[in-house]
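For this chain, numbers begin at 1 and follow the sequence in order. The shown structure was predicted, so the numbers you read here are calculated from the model rather than taken from an experiment.
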Amino acid sequence: MKQVQPTIGLLPIACSRFRGMGKETPKTYEERIQLRLDEIKKQCSEFAVVVDPGQIYSRDDVQKAMDLFYAGKVDCVFAFFLSWSEDAAWIRFLRDMYPIPLYYAHITPAITYTNTEGENEFIEYLSTGGLVGTLEGSGSFKRFDRPMSFSGCGDLCSVMKEVKSFAYAAALRTDLRHATFALIAQYPEIMWATYCDPYTYFSKIGPELRFVSVATLKDAYDAVSDQRVDACIDMLMKKYPVREKLAMEHFKASVRCSLALEDVMRAKGATMGILNDASSVLFEQIGLRPGFYPTPENEGEIGIVPEGDLGVGLAVYIALRLTGKHANIIEPAYIENDGRVKVVHAGPNDYTDPQGKTIIARDIRFARSKWKHAGAPFAWYVIPAGPKTLIHCSQGKDGVYKMITVKAQGMEMQHELASYSHGCITFPGRDPNEVFAALINEGVTQHYALVEGDCRKEVRYLAGMLGFVYKDL
């Protein structure tokens with residue numbers, strides 16, 4: 001799934017009293033602050049589409065900026081004082097701008113002042129006095145107390161790092177409000193703790209939910225042609241080793257079910273599917289759960305999670321869209337004596353990361369069941385090593401949503417745990433018992449998204465924008 005692409009609006013506040021000063025020096029006030037603004041715009045352009053209304057001096061300038069932001073469909077606004085300034089334009093923006101994520105910061109200029117008796121030095125001093133303006137503006141920033149607002153201070157490099165993380169989170173907030181998720185079958189009756197209220201899921205987070213029956217999936221299953229199934233099997237067997245001789249009838253059924261699931265997702269306009277594969281109705285009607293999702297036909301445009309958990313569906317979608325990398329659903333299974341933690345999950349899971357290890361193998365646990373395609377093969381996957389982020393989402397007390405992150409390290413592992421996609425993680429420098437004690441204390445569920453890299457900062461900003469309770473443990 002592709003990483004979101006932010007669109008950011010700049011609100012560079014300047015001083016009308018200083019406008020026109022410095023005409024007898026190498027650069028005027030406007031030219032000096034424009035050089036800094038150009039550099040800010042250049043750096044923002046490295047990760048976002050930039051909507052730049054130019055230097056803001058007046059009421060008309062603010063109105064023009066807000067109109068441009070609306071027309072440009074910006075995901076967020078980055079506001080900063082280029083020097084000291086009158087604060088009327090800034091306060092008007094705080095009052096009149098429609099609700100949108102806002103980052104307000106002072107960028108410390110790389111300059112050391114000496115003697116400002118000369119005209120050139122004095123104009124430079126005036127042109128770089130943004131700290132005074134930022135402090136002045138901070139009072140109104142807090143008095144208006146706009147939602148989804150954040151602030152900071154630092155040199156250009158450090159502020160840009162924060163703005164980048166903030167912008168990606170804001171872009172994902174926009175994306176969520178246009179997303180469609182599909183819940184297939186129903187909530188899992190064996191896991192009440194995973195339930196989320198669909199009304200607040202839409203109103204507070206964004207995705208529109210489509211409720212899909214097993215009958216709809218069965219119709220799609222019956223409609224998948226033998227040619228498509230055979231083509232997918234051919235591609236899978238060319239790409240991944242087969243561990244043992246497989247019953248071709250069951251192999252075809254597993255691939256057919258996977259293709260049908262993707263067809264239903266596309267028909268519903270969904271980019272994320274939440275499949276209740278713990279439902280007996282699925283096994284009664286089709287005889288198995290999909291074992292090769294995503295199929296070779298799906299180039300990562302549609303995600304899926306098992307067990308009907310809307311919370312982990314959101315967590316995996318966040319991981320996918322924030323990073324553009326592969327993400328898996330996991331349950332921490334047990335802590336080994338050496339402090340390593342085995343993480344697992346049965347059912348559909350992304351197995352296509354080339355850094356991981358995938359084998360086509362029989363589902364040994366399922367083979368012991370009574371269902372029609374018991375023992376059908378699946379993509380047996382081992383999650384690759386490297387830096388990881390765990391992301392948890394669920395609905396807690398009084399209906400408040402929570403988001404929790406944990407930094408982890410993936411360890412090398414071979415295929416060990418039959419019937420489960422699995423991996424091994426550690427929490428460097430930490431006792432895993434303490435980590436899980438903290439998670440238990442927060443009140444979570446067993447489901448987590450696991451994604452390559454460290455995206456905790458982006459998740460923290462997103463949680464703030466969505467009104468979630470957030471903890472990094």
Side-chain angles (χ1 to χ4, degrees), residues 188 190-194 305-307 309 311-320 322-323 325-347 349-351 353 355-358 365 380-397 401-460 462-463 468-473:
I190 59 174
M191 301 174 195
W192 290 10
T194 64
V305 295
E307 295 189 347
D309 183 351
V312 81
L314 176 64
V316 170
Y317 188 80
I318 287 170
L320 291 169
L322 275 181
T323 68
K325 299 176 181 178
H326 297 270
N328 294 99
I329 173 178
I330 58 101
E331 295 173 346
Y334 58 89
I335 303 169
E336 297 190 320
N337 292 332
D338 60 4
R340 296 184 303 164
V341 180
K342 293 293 176 63
V343 296
V344 307
H345 213 286
N349 221 330
D350 183 8
Y351 58 92
D353 187 343
Q355 298 180 78
K357 303 179 182 78
T358 302
R365 187 183 73 161
W380 191 20
Y381 179 66
V382 175
I383 298 167
K388 308 287 184 184
T389 302
L390 279 81
I391 306 173
H392 171 81
C393 299
S394 60
Q395 192 170 17
K397 184 180 178 182
Y401 286 89
K402 64 182 69 175
M403 200 176 291
I404 297 171
T405 54
V406 186
K407 183 181 180 180
Q409 178 68 33
M411 308 298 290
E412 282 293 339
M413 188 178 182
Q414 301 304 315
H415 286 85
E416 297 178 9
L417 303 175
S419 301
Y420 296 92
S421 293
H422 58 280
C424 181
I425 63 172
T426 62
F427 305 108
R430 305 178 68 186
D431 181 346
N433 291 288
E434 293 179 0
V435 174
F436 289 111
L439 284 166
I440 292 166
N441 185 62
E442 289 299 324
V444 291
T445 73
Q446 74 274 34
H447 289 156
Y448 300 81
L450 185 67
V451 67
E452 176 187 343
D454 186 353
C455 58
R456 292 174 297 162
K457 188 180 293 184
E458 290 82 358
V459 173
R460 173 173 61 84
L462 179 64
F468 281 32
V469 172
Y470 173 76
K471 291 288 181 67
D472 179 44
L473 300 180

query = Looking only at side chains, do His326 and Gln355 share a donor and an acceptor under 3.5 Å apart?
reply = no
key: Glu452 and Pro387, any side-chain heavy atoms less than 4.5 Å apart   = no
Value rounded to 0.5 Å, distance of CE in Met411 from CD in Glu336 = 10.5 Å
inquiry  = Can a donor-acceptor pair be found, under 3.5 Å and without considering hydrogens, that links the side chain of Asn349 to the backbone of Tyr351?
reply    = no
request  = State, to 0.1 Å, how close Pro306 and Ala346 come at their nearest heavy-atom pair, and which atoms those are.
outcome  = CG-O, 3.8 Å
task = Count the heavy atoms of every other residue, nucleotide or ligand shown that sit under 6.0 Å from NZ of Lys457, and state whether that count exceeds 12.
result = yes
task = Mark yes or no for whether His422, through its side chain, and Lys342, through its backbone, hold a donor-acceptor pair below 3.5 Å.
result = no
request  = May I ask you to decide if Tyr381's main-chain N or O and Thr358's side chain share a donor-acceptor pair within less than 3.5 Å?
outcome  = no
key: Under 3.5 Å donor-acceptor, Asp454 side chain and Thr389 backbone   = no
task = Return yes when atom CG of Asp338 has more than 12 non-hydrogen atoms of other residues, nucleotides or ligands closer than 6.0 Å, and no otherwise.
result = yes
ask   = Nearest 0.5 Å, what's the CD-OG1 distance between Glu331 and Thr445?
value = 8.5 Å
message = Please give me the minimum heavy-atom distance between Glu307 and Pro188, naming the atom from each residue.
response = O-CG, 3.0 Å
Residue pair Ala408 / Leu390: nearest heavy atoms and the distance that separates them = CB-CD1, 3.6 Å
key: Distance in Å, Leu450 CG paired with Asp350 CG, rounded so as to fall on 0.5 Å steps   = 12.0 Å
query = Can you tell me if Lys357 uses its side chain to pair, donor with acceptor, with the backbone of Met413 under 3.5 Å?
reply = yes
task = Would you check if the side chain of Trp380 reaches a backbone N or O of Leu417 as a donor-acceptor pair within less than 3.5 Å?
result = yes
ask   = Lys402 side chain to Gly443 main-chain N or O, any donor-acceptor pair under 3.5 Å?
value = yes
inquiry  = Would you compute the distance between atom CE of Met403 and atom CD1 of Ile318 and round it to the nearest 0.5 angstrom?
reply    = 4.0 Å
task = For residues Ile335 and Pro432, report the shortest heavy-atom separation together with the two atoms involved.
result = CG2-CG, 3.7 Å
ask   = Can Ser421 and His345 be said to form a side-chain contact (heavy atoms from CB on, under 4.5 Å), step by step?
value = CA-CA 6 Å; Ser421 293; His345 213 286; 5.7 Å; no
inquiry  = Just verifying a value: how many Å separate Asp472 CG and Thr405 OG1, rounded to the nearest 0.5 Å?
reply    = 3.5 Å
request  = Rounded to the nearest 0.5 Å, what's the gap from CD on Glu458 to OG1 on Thr323? Could you check?
outcome  = 9.5 Å
key: Stepwise side-chain contact (heavy atoms from CB on, under 4.5 Å) check, Ile404 with Glu442   = CA-CA 9 Å; Ile404 297 171; Glu442 289 299 324; 3.7 Å; yes
query = Under the criterion ring pair (Phe, Tyr, Trp, His ring centres under 6.0 Å), which of Tyr448, Tyr401, Phe468 is the partner of His392?
reply = Tyr448
query = Looking only at heavy atoms, which two atoms of Ile391 and Cys455 are closest? And how far apart?
reply = CD1-SG, 4.0 Å
query = So Ile330 and Ile383, side-chain contact (heavy atoms from CB on, under 4.5 Å) or not? Walk me through it.
reply = CA-CA 10 Å; Ile330 58 101; Ile383 298 167; 3.7 Å; yes
inquiry  = Using side-chain contact (heavy atoms from CB on, under 4.5 Å), reason through Thr194 and His447 one step at a time and then give a plain yes or no.
reply    = CA-CA 9 Å; Thr194 64; His447 289 156; 4.2 Å; yes
Nearest heavy atoms of Gly410 and Lys388, plus distance in Å = N-CG, 3.7 Å
